[in-house]
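Note sheet for the following structure.
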Amino acid sequence: MLRDKDIRIALIEEINNLNIGNNYRIVEELSVCDGEARVDVALINGKLCGYEIKSDRDTLERLPGQINAYNTTFDKVTIVVGEKFEKSIIHEVPEWWGIGVAHENNHGIIDIYNLRPATFNANIQAKSVLELLWKDEILILLKSKGIKGLSNKNRRKLRDIAIKAIPLNEIKDYTREILKTREGWRAD
C-alpha cells in the first residue's frame with residue numbers, strides 16, 4: 001500500500017528527469033485560490049502545472065474542492081493515484097486532467113505510468129493566478145504598466161486593478177517568472 005510520501009518522491013524524481021536542461025522550479029504544497037486548496041507538487045516552467053497525489057491511504061473527499069481551485073489556476077493538472085483509485089479516478093476528474101498511476105514494481109521501486117496525458121486548461125482565471133503573488137509582486141507588475149495611485153491599496157484591491165488593466169497571458173507569464181525566481185520563500 002503506497003503512501004503519499006512514496007509517490008511524491010517518485011513523482012518529483014520523474015519531473016526532474018523530464019526537465020533536465022530546462023529553467024524550472026518545483027514547489028511542494030503550493031497554496032492556491034487564497035488558501036482554498038493546496039496542490040501537492042507544482043512545476044513552474046513555461047507553464048504552471050499542478051500535481052495532486054491520492055495515495056492508497058487517501059480518500060477522494062477533498063477532491064471536488066481541489067478540482068474547483070486547480071481548474072482556475074493551472075495550465076495543466078495531473079492527478080497521481082495509487083492502484084486503489086486506478087479504475088475509478090477517470091470518472092472523478094475533468095477530461096483535460098492527466099492521470100498517473102503509481103505502483104511498486106518487483107524491485108521495490110515506485111513507477112508511475114501515464115493513464116492519460118494532461119491537456120491545456122481553457123478555464124484559467126486571472127484572479128486565481130494573481131492570488132499566487134504577494135502584494136509587493138502585484139505592485140511591481142502594476143507599476144511596470146505605468147499605473148499610479150497604488151500606495152494605499154491592499155493586495156485584494158491591487159489584484160482587482162491588475163485584472164482590469166492587464167491581459168491574462170501577461171499575468172500568467174509574469175506570475176510564472178516570479179514564482180520561479182522568488183526568494184525568501186519556504187520552498188528555498
Side-chain angles (χ1 to χ4, degrees), residues 1-33 35-121 123-124 128-129 132 172 175-188:
M1 187 175 264
L2 295 177
R3 300 171 301 170
D4 178 286
K5 177 183 170 187
D6 304 321
I7 296 171
R8 186 180 301 251
I9 291 168
L11 174 61
I12 290 172
E13 182 178 331
E14 182 175 298
I15 292 169
N16 281 322
N17 288 338
L18 291 171
N19 285 280
I20 292 173
N22 294 332
N23 180 15
Y24 71 100
R25 183 179 205 171
I26 294 173
V27 178
E28 294 183 60
E29 301 297 328
L30 178 66
S31 181
V32 298
C33 294
E36 285 181 32
R38 187 179 305 250
V39 73
D40 290 312
V41 178
L43 168 64
I44 306 149
N45 53 20
K47 303 175 289 301
L48 182 59
C49 302
Y51 294 85
E52 181 60 29
I53 298 168
K54 296 296 182 193
S55 74
D56 292 326
R57 297 176 181 205
D58 284 325
T59 70
L60 300 180
E61 190 176 298
R62 293 182 304 132
L63 188 59
Q66 292 168 320
I67 289 171
N68 290 337
Y70 303 166
N71 283 356
T72 62
T73 306
F74 293 103
D75 294 306
K76 289 185 173 186
V77 178
T78 299
I79 189 164
V80 181
V81 298
E83 292 174 315
K84 170 182 171 182
F85 298 115
E86 180 176 7
K87 298 209 183 325
S88 63
I89 198 64
I90 199 161
H91 305 291
E92 303 291 334
V93 297
E95 287 181 5
W96 61 271
W97 278 38
I99 300 172
V101 180
H103 65 94
E104 190 171 353
N105 69 23
N106 294 337
H107 304 289
I109 297 170
I110 295 170
D111 291 323
I112 300 172
Y113 67 90
N114 195 7
L115 191 60
R116 178 173 77 192
T119 58
F120 276 96
N121 177 10
N123 301 307
I124 296 172
S128 297
V129 176
L132 296 169
K172 288 168 48 177
T175 300
R176 283 191 304 263
E177 285 309 308
I178 290 296
L179 295 178
K180 276 197 304 193
T181 59
R182 182 185 277 169
E183 293 181 15
W185 195 7
R186 62 171 169 67
D188 291 334

Is there a donor-acceptor contact under 3.5 Å from the side chain of [X] to the main chain of [Y]?
X	Y	value
K84	D58	yes
R8	D40	yes
N123	T72	no
D4	S55	no
Y70	G65	no

Which value, rounded to the nearest 0.5 Å, describes the distance between [X] atom [atom1] and [Y] atom [atom2]?
X	Y	atom1	atom2	value
R176	L48	CZ	CG	7.5 Å
K180	R25	NZ	CZ	11.0 Å
E28	R38	CD	CZ	12.0 Å
L132	T175	CG	OG1	6.5 Å
I53	R3	CD1	CZ	12.5 Å
I79	F85	CD1	CZ	8.5 Å

Point to revise | K172 vs D75, side-chain contact (heavy atoms from CB on, under 4.5 Å): CA-CA, chis, key distance, verdict | key: CA-CA 9 Å; K172 288 168 48 177; D75 294 306; 3.1 Å; yes

Run the side-chain donor-acceptor check on residues 90-100: report pairs under 3.5 Å with partners two or more places apart or on a different chain.
from	atom 1	to	atom 2	distance (Å)
W97	NE1	N71	OD1	2.9

**Study point:** Test side chain to side chain contact (heavy atoms under 4.5 Å, CB included) applied to D111 - qualifying residues, sequence neighbours left out
**Key:** H103, N105, I109

Shortest non-hydrogen separation from [X] to [Y] and the atoms involved:
X	Y	result
Y24	N19	CE2-O, 3.3 Å
T119	K76	O-CG, 3.7 Å
E83	D56	N-OD1, 3.0 Å
C33	T73	SG-OG1, 3.7 Å
I7	G82	CD1-N, 4.2 Å
L115	E86	CD2-O, 4.0 Å

Check your understanding: Should V41 and I12 be marked as a side-chain contact (heavy atoms from CB on, under 4.5 Å) after you check the CA-CA gap, both sets of side-chain angles, and the distance that decides it?
Key -> CA-CA 8 Å; V41 178; I12 290 172; 4.2 Å; yes

For a 4.5 angstrom cut-off between non-hydrogen side-chain atoms, does [X] reach [Y]?
X	Y	result
N121	V77	no
E52	V80	no
V27	L179	no
T78	L11	no

Practice item. Let me know which of V129, V39, L43 forms a side-chain contact (heavy atoms from CB on, under 4.5 Å) with F74. Key: V39

Exercise for review: Might you work through the side-chain contact (heavy atoms from CB on, under 4.5 Å) test for E36 and V32, ending with a clear yes or no?
Suggested key: CA-CA 6 Å; E36 285 181 32; V32 298; over 6 Å; no

Review point. Step by step, would you call L60 with K54 a side-chain contact (heavy atoms from CB on, under 4.5 Å)?
Key: CA-CA 8 Å; L60 300 180; K54 296 296 182 193; 3.9 Å; yes

